[in-house]
Amino acid sequence: MNIQNTLDTEVKKAVLSLFEVELPSVEFQPTRKDFEGDITVVVFPMLRFVKRNPAQIGEQIGQFLVDAVAEVTAFNVVKGFLNIVVSDAYYLDFFNGIRLQENFGFVAQVDSDAVMVEYSSPNTNKPLHLGHIRNNLLGYSVAEILKAAGKKVYKTQIINDRGIHICKSMVAWKRFGNGATPEGTGLKGDKLVGNYYVAFDKAYKEEIAKLVADGVDTKLAEKEAPILQEAQQMLRNWEAGNEDVVALWKKMNGWVYKGFDVTYKNLGVDFDQLYYESDTYLLGKDVVADGLEKGVFYRKDDGSVWIDLTDEGLDEKIVLRSDGTAVYMTQDIGTAIQRVNDYPDIGGMVYTVGNEQDYHFKVLFLILKKLSFSWAGQLHHLSYGMVDLPSGKMKSREGTVVDADDLMVEMTQTAAKISEELGKLEDYSETEKQQLYKMIGLGALKYYILKVDPKKRILFDPEESVDFQGNTGPFIQYTYARIQSILRKAESMEVPMTAVDTNAELHPKEKELLKQLRQFPELIQLAAENFSPALIANYTYDLVKGFNSFYQQVSILGETDEERKSFRVQLSKKVAEVVESAFLLLGIQVPERM
RNA sequence: GGUGGCAUAGCUCAGCUGGAUAGAGCACCUGCCUUCUAAGCAGGCGGUCCUAGGUUCGAAUCCUAGUGCCAUCACCA
């Protein structure tokens with residue numbers, strides 16, 4: 001039984017027998033470092049029921065607990081805080097329980113309902129950048145955390161493969177490309193297509209300037225620039241199914257997908273199911289018709305269809321244009337329904353999309369609720385802040401973006417530089433080294449991004465890059481590698497890996513580590529409830545800090561008492577396992593050496 | 001203007017449903033490698049928790065008002 005539950009009932013019993021009062025609840029917190037004890041009962045809230053001096057109440061409850069609960073060995077009271085000391089035996093017993101447990105903290109799938117997690121969802125007219133990296137890491141990590149918490153998860157993305165922006169790249173390629181291909185140029189497909197998107201913008205601006213110079217009004221020039229007209233015509237042709245246009249569209253998108261695959265693979269993210277906007281953009285219209293009948297929507301005189309959300313403190317929102325075509329919202333309604341049709345066990349969805357779309361998702365969820373879908377209550381917008389540069393916002397068209405591929409290469413190079421200076425891996429082959437550098441470089445990047453609360457905006461300074469010391473991915477990876485080194489030696493020393501004697505006495509650092517390990521399962525649940533990889537990251541950091549302190553203060557393999565040595569080796573192993581598990585949830589790998 | 005988010009040390013960030021003297025890392029300054037990996041450990045320096053009120057035994061945390069930054073309020077996606 002969990003010690004806290006035991007204490008909860010015992011404290012209530014104590015208050016009942018001592019003061020004849022029934023407490024509704026008891027407030028616990030971990031004892032702060034500077035005080036003696038493990039768990040603290042906060043006495044203040046009891047004052048409403050027990051009219052006495054808090055210190056006195058604490059004393060009496062403390063004595064009661066020592067007498068009644070075997071695991072409680074001592075207590076002290078500071079002001080209104082009753083600090084309880086829990087026996088070493090309790091912690092050692094806990095350790096024996098998890099010693100051989102694989103995937104400690106992870107829950108086997110318990111929910112029959114599945115969750116679909118959407119993330120990435122790029123446009124196919126330009127390469128992925130730092131903003132997508134944050135999106136991908138968050139989405140992937142949340143999906144993994146939900147799995148670890150017992151959910152069935154489908155990872156998905158909706159690829160925005162149609163629209164005027166794609167046509168812009170296509171037009172520019174036709175005009176300036178001279179038949180360039182990824183094979184011919186040696187460029188990654190997404191990069192090649194992205195270049196033409198930039199080229200379009202450049203040509204467009206030049207045409208506007210020329211028209212304005214010829215005396216055309218700026219507004220008009222922006223509308224009438226021939227290259228824009230051409231792109232618009234191309235979109236109409238695409239929608240009409242023009243063979244040439246569709247063939248070009250397929251060809252160029254194909255290039256982009258190949259490029260994206262490389263980036264995703266390097267980033268270490270994946271998907272169970274892909275959706276393409278070209279398949280879904282017409283969806284949702286029948287649902288709107290349905291909703292019209294039910295009175296959820298209403299039609300205006302011009303034929304457009306709206307929903308009135310003023311009762312919810314929001315505005316009116318259009319769901320179908322006057323010409324009967326779908327808008328963004330229509331499509332998202334349709335896609336959500338499509339997904340549940342495809343995977344009937346879906347009970348909820350998570351949308352990983354930037355916070356600039358908070359309003360959109362608020363409205364979308366409300367609409368789905370009003371259409372009374374059973375799963376509409378379980379929709380979550382995993383909203384995150386933008387990644388800004390010191391110069392401000394990233395803009396693809398202006399070339400002020402941090403490219404995802406470039407950034408990963410840079411991080412790997414930095415890792416390589418640091419590692420080579422330290423020179424600990426002389427016996428590694430070149431391939432082994434490269435693999436490790438990538439692991440460390442990406443570990444630094446991923447941790448840097450995931451440790452921050454998703455809601456917050458991230459300021460990324462490419463000059464200062466990302467740290468490799470302190471509260472960083474590499475620091476945690478390093479600790480893991482250190483433990484592996486000990487374990488290798490322990491194996492050659494043939495240290496026995498047997499259950500520990502619960503009568504043993506714990507070193508304070510050992511107890512500290514056991515306390516931290518004990519929190520891991522709850523932490524996964526908490527992270528899942530809050531959709532927060534940051535909680536996992538910060539927990540892992542604390543655990544590792546605790547281990548390093550332990551490592552520095554006590555000797556593990558040098559310990560002369562064989563039983564104690566065995567315990568320390570196994571404790572280290574468990575810490576490493578938890579670090580590995582936690583990092584798995586963040587999509588970060590851990591090295592055997594570094 | 002309406003709505004939403006954010007504001008904690010020079011910088012980057014923790015701080016769970018209100019609880020003890022507000023915590024880390026980086027930077028700066030001290031120590032510690034003939035001892036299990038020094039990408040480490042131990043310590044020092046550094047804070048009107050944006051401001052002003054309020055609720056409470058107790059507020060960085062909750063409420064109100066204000067300030068600053070960001071986003072959003074399209075028959076674009």
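Just so it is clear: chains get the letters A, B, ... in the order the sequence lines come, proteins before strands, and each one is counted from 1. What you see below is based on every heavy atom in this structure, not just the backbone, and it leaves out hydrogens, waters and symmetry mates.
- Residue contacts for A:T472: at a heavy-atom cut-off of 4.0 Å it reaches no nucleic acid atom on any strand shown.
- Here salt bridge (Lys or Arg N to Asp or Glu O under 4.0 Å) pairs that include residues 313-333 of chain A, with residues two or more places apart or in two chains, are A:K300-A:E316.
- Nucleotides B:rU30 and B:rU34 have their C1' atoms positioned 24 Å apart, rounded to a whole Å.
- Atom-to-atom, CD of A:E356 to P of B:rU3 comes out at 21 Å; the value is rounded to the nearest Å.
- For the segment residues 119-134 of chain A, no residue has any heavy atom less than 4.0 angstrom from an atom of RNA chain B.
- Taking the ring centre of A:F19 as origin, the terminal cationic atom of A:R52 falls outside the region bounded by 6.0 Å and 45° from the ring axis.
- Across all non-hydrogen atoms, the minimal contact from A:M234 to A:C167 is SD-O, 3.9 Å.
- A 4.5 Å side-chain heavy-atom check between A:F200 and A:L228 finds at least one atom pair inside the cut-off.
- Syn is the glycosidic conformation of B:rC33, whose angle stays within 90° of 0.
- One C1' atom belongs to B:rA9, the other to B:rC73, and the distance between them is 37 Å to the nearest Å.
- Backbone-only engagement by A:S549 is indicated by non-hydrogen atom pairs under 4.0 Å involving sugar-phosphate atoms exclusively.
- Ring centroids of A:Y351 and A:F365 are separated by less than 6.0 Å, placing the two rings close together.
- Shortest non-hydrogen contact noted between A:Y447 and A:N471 is OH-OD1, 2.6 Å.
- For the P atom pair drawn from B:rG47 and B:rC6, the interatomic distance equals 27 Å after rounding to whole Å.
- Rounded to whole Å, the distance from OH on A:Y539 to P on B:rC13 is 24 Å.
- For the pair A:E239 and A:R236, the salt-bridge criterion is not met [side-chain N within less than 4.0 Å of a carboxylate O].
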Could you go over nucleotides 18-20 of chain B and give all protein N or O partners under 3.5 Å, atom names and distances?
{"unit_1": "B:rG19", "atom_1": "N7", "unit_2": "A:E27", "atom_2": "OE2", "d": "3.3"}
{"unit_1": "B:rA20", "atom_1": "OP2", "unit_2": "A:R32", "atom_2": "NH1", "d": "2.8"}
{"unit_1": "B:rA20", "atom_1": "N6", "unit_2": "A:T40", "atom_2": "OG1", "d": "3.0"}
{"unit_1": "B:rA20", "atom_1": "N6", "unit_2": "A:N83", "atom_2": "OD1", "d": "3.2"}
{"unit_1": "B:rA20", "atom_1": "N1", "unit_2": "A:N83", "atom_2": "OD1", "d": "3.2"}

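- Heavy atoms of A:M594 sit under 4.0 angstrom from at least one base atom.
- Geometrically, A:R134 does not engage A:Y384 in a cation-pi contact, judged by NZ or CZ lying under 6.0 Å from the ring centre and within 45° of the ring axis.
- Considering every non-hydrogen atom in both A:P122 and A:Q157, the closest pair reads CD-OE1, 3.1 Å.
- B:rG19 and B:rU55 have their C1' atoms separated by 16 Å, given to the nearest Å.
- Note on A:Y541: only backbone sugar-phosphate atoms sit closer than 4.0 angstrom, heavy atoms only; bases stay farther off.
- The aromatic ring centres of A:F44 and A:F81 sit less than 6.0 Å apart.
- Base contact: A:V554 has a heavy atom under 4.0 Å from a base atom.
- Nucleotides B:rG4 and B:rU48, compared at atom P, are 31 Å apart to the nearest Å.
- A donor-acceptor contact closer than 3.5 angstrom links the side chains of A:Y437 and A:E420.
- Residue contacts shown for A:A481 include a base, since a base heavy atom lies under 4.0 Å away.
- Interface residues of residues 434-446 of chain A facing RNA chain B, ordered by number: A:I440; criterion, heavy-atom separation under 4.0 Å.
- At B:rA39, none of the side-chain N or O atoms of A:R482 fall inside 4.0 Å of OP1 or OP2 (strictly under the cut-off).
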Watson-Crick and G-U pairing of RNA chain B written in dot-bracket, each distance under 3.5 angstrom, with | for inter-strand partners: (((((((..((((.....[...)))).(((((.......))))).....(((((..]....))))))))))))....

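- Scanning both residues, A:F583 and A:G473, for their nearest heavy atoms gives CE2-O, 4.0 Å.
- Counting to the nearest Å, the C1' atom of B:rA39 and the CD atom of A:Q477 are 10 Å from each other.
- When heavy atoms are screened at a 4.0 angstrom cut-off, A:K489 is found touching the sugar-phosphate backbone but no base atom.
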Taking N or O atoms only and anything under 3.5 Å, show me the protein contacts with nucleotides 5-8 of chain B, one pair per line.
{"unit_1": "B:rC6", "atom_1": "OP1", "unit_2": "A:K455", "atom_2": "NZ", "d": "3.2"}
{"unit_1": "B:rA7", "atom_1": "OP1", "unit_2": "A:K456", "atom_2": "NZ", "d": "3.2"}

